[in-house]
Structures are given as structure tokens and as C-alpha cells.
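Reading through the C-alpha cells given below for one structure.
No hydrogens, no waters, no symmetry mates; every other heavy atom, side chains included, goes into these values.
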Amino acid sequence: MERMFMRVDEVMKALGVSESYAYKLIRKLNKELAKTGCVTIPGRIDRKFFYEHFYGTQNYERRD
């Protein structure tokens, strides 16, 4: 079972970005999510919300 939240290392790997940029993206997405009334966790992003914003889908299939 996949975890509900992504940590910075998963964001880095998914997008191929640096650690500092991954944290910046997480902060930005968490601000958007907080505006909808959701509770956020610093340094983590909801997996579903992440994939909706970056891939336009709720489900992500790996293309290795």
C-alpha cells in the first residue's frame, strides 16, 4: 500500500529536482492545499494532490 504523503526524497525522484527545490515546491503546494481548508504537514505533500498538479491525474502509473 502506498503512503498517503510524499516526502522530499520522493518529490526529488519524481521530478528530478534538487532537495531545496523540492522543499520549495512542497511549501507552494501546501499553501494551495491549506487555502482549501485542508490541514497540511510541513515537509510532506498529499500524494493525490501532487499527482493531480504535476501529471493531471489522480493515479500514477510508473513508466520505467
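If you chain together hydrophobic residues whose side chains sit under 4.5 Å apart, I45 and Y51 fall into the same group. Note on Y21: it clusters hydrophobically with F49, by side-chain heavy-atom contacts below 4.5 Å among ILVMFWY residues. In terms of hydrophobic clustering, with Ile, Leu, Val, Met, Phe, Trp and Tyr side chains grouped at heavy-atom distances under 4.5 Å, L29 and Y23 are assigned to a common cluster. Cluster annotation: V17 is connected to V8 through the hydrophobic network of ILVMFWY side chains, with a link wherever side-chain heavy atoms come within less than 4.5 Å.
Here the CD1 atom belonging to I26 is positioned 12.5 Å from the CG atom belonging to L33, to the nearest 0.5 angstrom. Taking OG1 of T36 as the start and NZ of K31 as the end, the distance is 15.0 Å to the nearest 0.5 Å.
Contact record, T40 with A34: CG2-N, 4.1 Å, taken as the closest heavy-atom pair. Between N30 and G43, the shortest heavy-atom distance links the atoms ND2-N, 4.5 Å.
By the 6.0 Å contact criterion, CZ on F54 is enclosed, its count of non-hydrogen atoms from other residues, nucleotides or ligands being greater than 12.
Contact check for E32 versus H53: side-chain heavy atoms found under the 4.5 Å cut-off.
Each of R44, R47, M12 was scored for a side-chain contact (heavy atoms from CB on, under 4.5 Å) with M6, with one residue passing: R47.
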